[in-house]
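To start, the structure under review is shown below, and the notes come after it.
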Amino acid sequence: MEPKFQILEKKEDSIKFIVEGIDVTFANALRRTILSEVPTFAVDEVEFFENDSALFDEIIAHRLALIPLKTPVDRFSLDALELDDHVVTLSLEAEGPGIVYSGDLKSDDEDVKPTNPNIPIVKLAEKQRLSFNAYARLGRGKDHAKWQPGFVYYKYLTKIHVSKDVPDWKELKELAEKRKLPVEEKEDEIVITTTSAFYLPRKFEKYVGGGIEEEVVPNTFVFTVETNGELPVEEIVSIALKILMRKSDRFISELHKVASD
Amino acid sequence: MIVPVRCFTCGKVLADKYYEFKKRVEAGEDPGKVLDDLGVERYCCRRTLLSHVELLDQVMVYRVY
């Protein structure tokens, strides 16, 4: 069966969609590929010239690494299995008093710079100085979480059947509508489609199995993908799928090699 | 010491929201509502912001060496 996509919600930094026609193994493979294989830029090495601040060099280097850097999609082949070896230098020179923000970093590459200029890096007191060069490289989430492009999770799509024999079923209907879940009213029951998490209030727990049934829609998953800003969300999903495809291709060709020996 | 750049658990960038959060809470707004407003949805991120204590201001007046 051809997988079907349906986009439920699209925001600037997140997307929510239903995929129909894939199994758990594939859903999980997609999730794991997004988290550990989609490459992004992150600070990997920092050279300090001066640091009078109260934070150690290592702490500042760690904070720098966690700042998301814009990763140009069209300039690098992000879906390749080998990473491009490209180093971007971010430099900074500051003197206190004041807060040093990610926006103060000067990049030698216009396309690779902090996506968010308001992240505080360190606070400097009077006369304290900070200057360093930070080197950003492409990397993958499997090596360090600083290279993760964002965050993903999925859930099974389920339908909750609530019989009208259950007292106060109207309450559940209102609750589901408040959570913006699609509710279908039939002659003797209501059907709630859980496009996001829906927890039964405790007073209804005793009807589960008698009056309230949860039906898992087979092979259908609700995915949520969030980006830290390095890459647009749709790009994250499409790059992950391409990487997954390339890895499978490589696996098949290795198998052929083994078989022909 | 200073605000964590990201949520310890999920990795969402939070540091940019902290000073606004602090300012608004000190002005008397309800912390929960401010977090909702800032788009901090999951409870892992909420506790990271909510439980942070900014100690750097006290420490930074002393020279380290």
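Proteins get letters first, then strands, A, B, ... in listed order; numbering begins at 1 in each.
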Does atom [atom1] of [X] have more than 12 heavy-atom neighbours from other groups under 6.0 Å away?
X	atom1	value
A/Lys155	NZ	yes
A/Glu205	CD	yes
A/Tyr154	OH	yes
B/Arg24	CZ	yes
A/His62	NE2	no
A/Lys106	NZ	no
A/Lys70	NZ	yes
B/Glu41	CD	no

How many angstroms lie between [atom1] in [X] and [atom2] in [Y], if you round to the nearest 0.5 Å?
X	Y	atom1	atom2	answer
A/Ile119	B/Asp16	CD1	CG	5.5 Å
B/Lys12	A/Asp13	NZ	CG	6.0 Å
B/Met60	A/Asp52	CE	CG	12.5 Å
B/Tyr19	A/Asn118	OH	CG	12.0 Å
A/Phe151	B/Cys45	CZ	SG	8.0 Å

Considering only heavy atoms from C-beta outward, does the side chain of [X] approach that of [Y] to under 4.5 Å?
X	Y	answer
A/Thr115	B/Val13	no
A/Arg63	B/Ile2	yes
B/Asp57	A/Lys123	yes

Margin query: Please give me the minimum heavy-atom distance between B/Ala15 and A/Pro120, naming the atom from each residue.
Written below: O-CD, 3.5 Å
Margin query: If you compare all heavy atoms of B/Met1 against all heavy atoms of A/Ala54, which two are closest, and at what distance to 0.1 Å?
Written below: CE-O, 4.5 Å
Next item on the list: Against chain B, label A/Pro117 side chain, backbone, both or neither, depending on which of its atoms sit under 4.5 Å from a heavy atom there.
Entry: neither
Margin query: Can you tell me which portion of A/Ile59 sits under 4.5 Å from chain B's heavy atoms? Options are side chain, backbone, both or neither.
Written below: neither
Margin query: Less than 4.5 Å to any heavy atom of chain A: does that hold for the side chain of B/Gln58, its backbone, both, or neither?
Written below: neither
Note to self: Given heavy-atom pairs under 4.5 angstrom as the criterion, report whether the side chain, backbone, both or neither of B/Tyr18 touches chain A.
What the structure shows: neither
Notebook entry, point to check: What residue in B/Gly11, B/Gly39, B/Cys10 has the most heavy-atom pairs under 4.5 Å with chain A?
Noted result: B/Cys10
Checklist line | Intermediate values then yes/no, side-chain contact (heavy atoms from CB on, under 4.5 Å), B/Val59 and A/Leu55 | finding: CA-CA 9 Å; B/Val59 177; A/Leu55 298 184; over 6 Å; no
